[in-house]
Number of protein chains: 2
Amino acid sequence: MTQTDSTKIDDFNLQEFLPYLLNRAAEESSLEFQQIYKDRYGILRTEWRVLFHLGNYGEMTAKEIGERARLHKTKISRAVHRLETRRYLVRNRSETDRRVENLILTQMGQSVYRELSGIAEQYDAKLMAQFNADEVALLRKMLRRLAHMD
Amino acid sequence: MTQTDSTKIDDFNLQEFLPYLLNRAAEESSLEFQQIYKDRYGILRTEWRVLFHLGNYGEMTAKEIGERARLHKTKISRAVHRLETRRYLVRNRSETDRRVENLILTQMGQSVYRELSGIAEQYDAKLMAQFNADEVALLRKMLRRLAHMD
DNA sequence: GAATAATAGTTGATTTTGTAACTAACAAGC
DNA sequence: GCTTGTTAGTTACAAAATCAACTATTATTC
C-alpha cells in the first residue's frame with residue numbers, strides 16, 4: 001500500500017504526528033522493562049509507578065502520588081492494596097488527619113525497588129546509547145515540557 | 001517529600017528515566033486530542049489508530065495495520081468490528097485468498113478521518129509551537145528511532 | 001456548635017484489554 | 001491428494017481500567 005494509492009485521502013502524515021510518535025516510542029521503550037517487573041515480581045504498570053514514587057521520593061500519601069504521577073485515585077487505591085498484599089508497603093494513618101494514610105515501603109519493598117531501579121538505570125543507559133549526550137539532554141527537556149513536569 | 005527525606009533509598013531519578021518521561025509526555029499530549037474523537041465520534045484509541053491508518057495509507061488488511069501500528073490482531077479485530085458497525089469502513093474479502101479481508105473506509109469514514117486529521121494537524125502545530133523547528137525535527141527523529149519506525 | 005461543604009480514600013458496575021484457544025483457508029511435503 | 005503445518009482473523013474467559021457513587025473524616029459557615 002503506497003502513498004499514491006487511489007484510496008489515500010489527504011496530505012496528513014501519521015508518521016509525523018507528535019502524539020502518535022510519542023505513544024509509539026513510549027510503548028516500545030517500556031516493553032522490555034515492563035516484561036521484567038511483570039515476570040519477575042508480578043507487578044503491573046500502575047504498581048510499578050507507585051513503588052517507584054515511594055522508593056524515589058520516600059514516604060508519601062496516595063494523593064501526593066496521584067498528583068506527581070498523574071494517576072487517578074482509584075488506580076492508586078488498587079495499586080496500593082496489591083502492593084500491601086505483597087508486603088511491599090505498609091500504611092500509616094496520619095495522627096493529625098485520620099483520612100490520610102502515609103505509605104511506606106517495607107524492607108522487602110525497598111529491596112524490590114532497589115533491584116528494579118538498578119535494572120531501570122541500565123535500561124535507560126542502553127536506550128540513550130544510540131544518541132549523543134546533547135541530544136538526550138534536549139530530548140529529556142522537551143519531554144518534560146510536553147508532560148508538564150517542569 | 002524532598003530528596004533528603006530519610007526514607008529515600010538510592011540515587012535513581014525517576015524524573016530522568018526515559019520510558020517514564022516518554023509515557024508521561026505521550027499521555028499528556030494525547031489527552032486533549034483523545035477527548036475530541038471520543039466525545040465527538042465515540043471512538044476509542046485503537047479505533048482511532050485503525051481509522052487513521054486506513055485514511056492515511058488507504059485500503060489495507062487487518063494484518064498490515066497490525067504490523068504498521070504495532071497493534072495485536074485481537075485489538076484490530078475488535079476495532080474493525082466497531083468501525084464497521086458505525087459504518088466507517090467496509091470489508092472486502094480477497095478473491096485470491098479468502099482468509100484475507102481488505103478494509104476500506106466508507107464515505108462517512110473518510111469524512112470523519114478528514115475532520116479528525118485536520119484537528120490533529122492543528123493540535124500538532126500547537127504542540128510544536130513551544131519549540132523551534134530544529135528541536136522538533138530532532139525530537140521526531142529520536143522518537144522514530146526509539147519506536148523502531150525508521 | 002449544628003449544618004453544609006470539601007477531602008482522602010474505597011467499592012461496585014461497566015467497559016476495555018490481554019491471553020489462549022479456536023475456525024477457516026491456504027501451503028508444503030511426501 | 002492427503003496429512004501436517006501455517007496464516008488471517010474471531011471468540012471466550014480472565015484481568016484490568018474507567019466512572020460514578022459511596023464512607024469516613026475534616027473544614028467552613030452561619
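Because the structure is predicted, anything quoted here is derived from the model rather than measured. A, B, ... follow the sequence lines: proteins, then strands. Residue 1 opens every chain.
When rounded to the nearest whole Å, the span between CG of A/L44 and P of C/dG18 equals 12 Å. Counting to the nearest Å, the P atom of D/dA8 and the CZ atom of B/R93 are 13 Å from each other. With rounding to whole Å, A/W48 atom CH2 is found 18 Å from D/dA16 atom P. Atoms NZ (B/K63) and P (C/dA24) sit 21 Å apart, rounded to a whole Å. The CG-C1' distance, from B/N92 to D/dA8, rounds to 15 Å in whole Å. Rounded to an integer number of Å, the gap from A/I43 CD1 to D/dA16 C1' is 15 Å. Taking atom CD of B/E101 as the reference point, atom C1' of D/dT10 lies 10 Å away to the nearest angstrom. For the pair A/K75 NZ and C/dA8 C1', the computed distance is 19 Å after rounding to whole Å.
In terms of heavy-atom proximity, A/I119 sits nearest to A/R40 at CD1-NH2, 3.4 Å.
Looking at heavy-atom distances under 4.0 Å, A/R91 makes contact with sugar-phosphate atoms alone, never a base. When heavy atoms are screened at a 4.0 angstrom cut-off, A/I76 is found touching no nucleic acid atom at all.
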Got a list of protein N/O to nucleotides 22-28 of chain D N/O distances below 3.5 Å?
unit_1, atom_1, unit_2, atom_2, d
D/dT25, O2, A/R99, NH1, 3.3
D/dT26, OP1, A/R98, N, 2.7

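Cation-pi geometry between B/R68 and B/Y57 is met: the NZ or CZ atom falls under 6.0 Å from the ring centre, inside 45° of the normal.
Taking the side chain of A/T74 as heavy atoms from C-beta on, and the options C/dT17, C/dA8, C/dT11, the nearest nucleotide is C/dT11.
Nearest-nucleotide assignment on DNA chain C puts the 5′-proximal partner with A/V100, out of A/V100 and B/T46. Nearer the 5' end of DNA chain C, as judged by each residue's closest nucleotide, is the contact made by A/H72, out of A/K38 and A/H72.
Looking only at distances, no side-chain donor or acceptor of B/N102 sits under 3.5 Å from a matching main-chain atom of B/M60.
Remark: aromatic rings of A/F12 and A/F17 are close, center separation under 6.0 Å.
When only modelled atom types and interatomic distance are considered, A/R45 and B/N23 share a side-chain donor-acceptor pair under 3.5 Å. Checking A/Y41 against A/E115 by side-chain atom types alone, a donor-acceptor pair falls below 3.5 Å.
Near DNA chain C, meaning a heavy atom under 4.0 Å from it, residues 77-87 of chain A has A/S77, A/R78 in order of number.
With sequence neighbours left out, A/K141 forms a salt bridge (Lys or Arg N to Asp or Glu O under 4.0 Å) with no residue at all.
Looking at B/L143 and A/R24, their side chains never come closer than 4.5 Å, going by heavy atoms from C-beta outward.
Of the options B/V100, B/L103, B/D97, a side-chain contact (heavy atoms from CB on, under 4.5 Å) to B/T61 is made by B/V100 and by none of the others.
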